[in-house]
Amino acid sequence: MHSMSPYVIRCFNPAIESNKREDKYCVLNKIGQNDLFNILKAFVSSKSENYQIVEHSQQVYKFSDVVYDEKNRHIWGWFQVGTYGIKTDIINIESGDVDFEKAQNNAEILKHYFHIYIPVGFNESICMMHSYRGHGVKTL
């Protein structure tokens, strides 16, 4: 089952002096000297060339076909993720024959769509993330 889930992105700063918790969230284009758009752009760009290996969870991931709309402050593209470590057979459901023997060092890669919007002057951003069968971008 495919689904899209909305998430809010905020940056809490306990050093901001206020009695109200909601006043302790940074404006996202002014996190100290940084802009969340640029932070995410740098992170996603650094993880787009090669698959990143996460050994403790036996996962691999990378971003692909990412678009950075700096004027409108949108980032969208594909997050590719897979798991490895278990030897399995991939069968053809029509014939019942094994089409591929997946080794422990093979990972089936699923592509998940993501879309982030970070408006100027606000302390909240929105992110839409695709998941398939309960697994998606946020899982990793």
Side-chain angles (χ1 to χ4, degrees):
M1 176 174 174
H2 294 273
S3 64
M4 291 292 291
S5 301
Y7 295 92
V8 171
I9 300 173
R10 300 190 296 178
C11 181
F12 184 74
N13 184 351
I16 296 174
E17 293 188 28
S18 176
N19 291 331
K20 294 191 248 176
R21 183 172 175 83
E22 62 268 11
D23 292 339
K24 292 190 174 208
Y25 291 96
C26 297
V27 172
L28 295 178
N29 59 300
K30 296 178 184 175
I31 304 172
Q33 298 292 329
N34 300 297
D35 181 343
L36 181 62
F37 183 91
N38 294 329
I39 293 169
L40 287 174
K41 180 180 177 184
F43 175 79
V44 170
S45 295
S46 74
K47 308 296 185 201
S48 296
E49 184 84 17
N50 299 308
Y51 282 99
Q52 308 297 308
I53 299 171
V54 184
E55 290 184 26
H56 73 276
S57 61
Q58 296 186 311
Q59 292 177 300
V60 295
Y61 72 93
K62 79 173 187 173
F63 294 91
S64 66
D65 303 312
V66 179
V67 175
Y68 305 97
D69 180 351
E70 294 190 36
K71 179 182 175 198
N72 297 305
R73 300 180 57 83
H74 288 262
I75 301 172
W76 68 87
W78 295 96
F79 181 70
Q80 299 183 31
V81 64
T83 58
Y84 64 92
I86 298 174
K87 183 179 177 180
T88 60
D89 291 334
I90 308 296
I91 65 162
N92 180 317
I93 61 166
E94 292 175 358
S95 68
D97 296 333
V98 174
D99 276 355
F100 181 77
E101 293 179 5
K102 181 178 158 280
Q104 288 180 311
N105 62 346
N106 293 135
E108 178 185 10
I109 302 297
L110 298 176
K111 291 175 79 172
H112 301 283
Y113 180 76
F114 71 95
H115 193 126
I116 304 168
Y117 171 54
I118 306 167
V120 171
F122 289 87
N123 65 359
E124 292 182 338
S125 168
I126 189 166
C127 180
M128 297 294 292
M129 294 188 196
H130 168 256
S131 64
Y132 177 68
R133 293 187 178 167
H135 298 284
V137 180
K138 189 177 170 220
T139 305
L140 179 59

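Note that these values count all heavy atoms, side chains included, but never hydrogens, waters or copies made by symmetry. What you see is a predicted model, and the numbers here were worked out from it, not measured in a lab.
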Checklist entry - Between Lys62 and Lys47, does a side-chain contact (heavy atoms from CB on, under 4.5 Å) hold up when you go through it step by step? => result CA-CA 5 Å; Lys62 79 173 187 173; Lys47 308 296 185 201; 5.7 Å; no
Checklist entry - Run the side-chain contact (heavy atoms from CB on, under 4.5 Å) check on Ile16 and Cys26 step by step: do they pass? => result CA-CA 9 Å; Ile16 296 174; Cys26 297; 4.3 Å; yes
Next on the checklist: Does Val60 form a side-chain contact (heavy atoms from CB on, under 4.5 Å) with Ile109? I'd like the steps, not just the answer.
Outcome noted: CA-CA 8 Å; Val60 295; Ile109 302 297; 3.7 Å; yes
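Side-chain heavy atoms closer than 4.5 Å link hydrophobic residues (I, L, V, M, F, W, Y) into clusters, and following such links, possibly through other members, connects Phe43 to Phe114. In the hydrophobic clustering of ILVMFWY residues, with side-chain heavy atoms under 4.5 Å counting as a link, Val27 and Ile31 come out apart.
Atom CG of Leu36 sits about 11.5 Å away from atom CG of Asn123, to the nearest 0.5 Å. Rounded to the nearest 0.5 Å, atoms CD1 (Ile118) and CG (Leu28) are 7.0 Å apart. Here NE2 of His2 is found 9.5 Å from NE2 of His112. Values are rounded to the nearest 0.5 Å. With rounding to the nearest 0.5 Å, the separation of CD in Gln104 from OH in Tyr84 is 11.0 Å.
Counting non-hydrogen atoms of neighbouring residues, nucleotides and ligands closer than 6.0 angstrom, the CD atom of Glu22 exceeds 12 such neighbours. No more than 12 heavy atoms of other residues, nucleotides or ligands sit less than 6.0 Å from atom CZ of Phe122.
Annotation: ring-ring contact (aromatic ring centres under 6.0 Å, His included) contacts of Tyr25 (sequence neighbours excluded): Phe12. Scored by the side-chain hydrogen bond (donor to acceptor under 3.5 Å, both in side chains) test, Asp69 finds Asn72 as partners (sequence neighbours excluded). Under the rule for a ring-ring contact (aromatic ring centres under 6.0 Å, His included), the partners of Tyr117 that lie at least two apart in sequence or sit in another chain are His74. Qualifying side chain to side chain contact (heavy atoms under 4.5 Å, CB included) partners for Lys41, counting only residues two or more places apart in sequence or in other chains: Phe37, Ser45, Tyr68, Glu70.
When each of Phe79, Phe63, Tyr132, Trp78 is checked for a ring pair (Phe, Tyr, Trp, His ring centres under 6.0 Å) with Tyr113, only Trp78 meets the rule.
Applying the side chain to side chain donor-acceptor pair (under 3.5 Å) test to residues at least two apart or on different chains, the pairs with a partner in residues 28-38 are Asp35-Arg73. Legend: salt bridge (charged side-chain N to carboxylate O under 4.0 Å, His left out) pairs involving residues 104-129, not counting sequence neighbours, sorted by first then second residue: Arg10-Glu124.
Heavy-atom minimum distance, Lys24 versus Ser18: CE-O, 3.2 Å. Contact detail for Ser125 and Ile116: the closest heavy-atom pair is OG-CG2, 4.0 Å.
At least one donor-acceptor pair under 3.5 Å links the side chain of Lys102 to the backbone N or O of Ile86. At distances below 3.5 Å, not a single donor-acceptor pair connects side-chain atoms of Glu17 with backbone N or O atoms of Ala15.
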